[in-house]
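As the structure is a computational prediction, the values presented were derived from the model and not from experiment. When a ligand or atom number is given, it counts from 1 through the structure's own listing order. All values below come from the heavy atoms of this structure, side chains included, with hydrogens, waters and symmetry mates left out.
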Amino acid sequence: MTLVLPYPELGDAFAADRMPPDVIHLDAAAAGRASRSVLRAMSDHLDSEARLGGYIAQAEAADLIEQGRSAAAELLGFPPTDIQFTESATGALAGLLTRMHVPRGSTVLVAPGEYGPNLGLFRMFGLVVDQLPVADEAGHLDVSAVATLIETTRPAMVHLCLHPSHRGVVLDVAPIASICRAFGVPLVVDAAQGIAHLPTNFDADAVYATSRKWLCGPRGVGLIAVRQGLLPDGMPALESHEANIAGRVGLAVALSEHLSLGPEKVRERLGAIGKLTRHRLDGISGWSVIEQTNEPSAVTTLQPPAGWSDSDLFGFRESLAAGSAAERRIVTTYAGAERAPLQAKSAVLRISPHLDVRASDLDCLAEALRQT
Ligand SMILES: *Cc1c(COP(=O)(O)O)cnc(C)c1O
């Protein structure tokens, strides 16, 4: 079966503004490759800091950073004044929980694929985690059962990972947002794997994300949108005064590049890339794809052949990255069960190509799988 990817010009544009990779990079869900424009804007800003001093340089970068805030606002469906820059997605959630003052012992409802470190934060804040009901084994939510649970239990908060870290599953957030709105329950969405990959515009009370994954911005920068009225009055801003301003400049450029590529087209091409990857890799030498073929995600996860331990898989991922398992070095992620402890039972190999992936890249990985 031949699948043709839509919008080849997006793949060309993505590749044209990047240094040629030294590896086959199938790891955008961990850290996308930054464009030359992002790198140039960041290094220009660092030069200005050295020539002008950090504060004048920051004042001169203010318009660019505010454009980034507006671009983020457009993607997340909030007014620009509700967007704040943070140091990471995890930092955004921690900052939000610090300000929400949810009483200890309150319940937060999450999907089974909830991100492990987020569960750690809920525990740290004394919150009790309960699971939302699902419609299938993949972990899609059962909307009417969710409505009943929220209506009868009135949790303090619902927290959803739009797309988890350990498999390519996209949650349908919009109907859950309507239910939460109807019952006055705050909804917080982790869009770390969603921004610049999936639609991120829904009626949630807070949405947060990270710069370095599908957006291909720099590391060490995140963002959060917080709806007016979610936090008690008088809370200090989440956005830190002292920050890596060059990182915010890079994020602003990455956001504007994403908007110029066209978020709808990016989404469509990435969805098709996910489908192509699953077709290409499923069933090779006992490796099996976990996702449903048509899941609108660019992430594919592979369960290793029977008898492989997590440490065998870890070693295989290392040998792919080092170049000893294939003709070229191939970068993927070893995603251990700790990423989603409520759902995952063992580690998987996560493949997350970006817009520029070529059939020959997947062929090279397929060949490495065949030889296991
Ligand atoms: C990567 C990831 C995070 C954490 O993002 P950081 O910016 O590293 O804090 C949170 N949630 C999910 C689902 C992720 O994949």
To the nearest 0.1 Å, how far is [atom] from its closest protein heavy atom, and which atom is that?
atom: atom 1 (C) of ligand 1; result: K213 NZ, 1.3 Å
atom: atom 5 (O) of ligand 1; result: A89 CB, 3.3 Å
atom: atom 7 (O) of ligand 1; result: T210 OG1, 2.8 Å
atom: atom 9 (O) of ligand 1; result: T90 OG1, 2.6 Å
atom: atom 12 (C) of ligand 1; result: D190 OD2, 3.5 Å

Relative to the heavy atoms of [X], which atoms of ligand 1 are at a distance of less than 4.0 Å?
X: H163; value: 13 (C)
X: S88; value: 6 (P), 7 (O), 9 (O)
X: A192; value: 2 (C), 3 (C), 10 (C), 11 (N), 12 (C), 14 (C)
X: Q193; value: 15 (O)

Count the heavy atoms of every other residue, nucleotide or ligand shown that sit under 6.0 Å from [atom1] of [X], and state whether that count exceeds 12.
X: Q131; atom1: CD; answer: yes
X: R123; atom1: CZ; answer: no
X: D136; atom1: CG; answer: yes

Report task. Apply the side-chain hydrogen bond (donor to acceptor under 3.5 Å, both in side chains) test between T301 and each candidate in H166, E291, R350; give the one that qualifies. Result -> E291

Query raised in the report: So, R99 side chain and A237 main chain: donor-acceptor pair closer than 3.5 Å or not?
Result: yes

Query raised in the report: Mind checking whether D172 and H140 have side chains closer than 4.5 Å, heavy atoms only?
Result: no

Query raised in the report: For ligand 1, is R212 a contact, meaning one of its heavy atoms is under 4.0 Å away?
Result: yes

Query raised in the report: Less than 4.0 Å between a side-chain N and a carboxylate O, is that true for R358 and D363?
Result: no

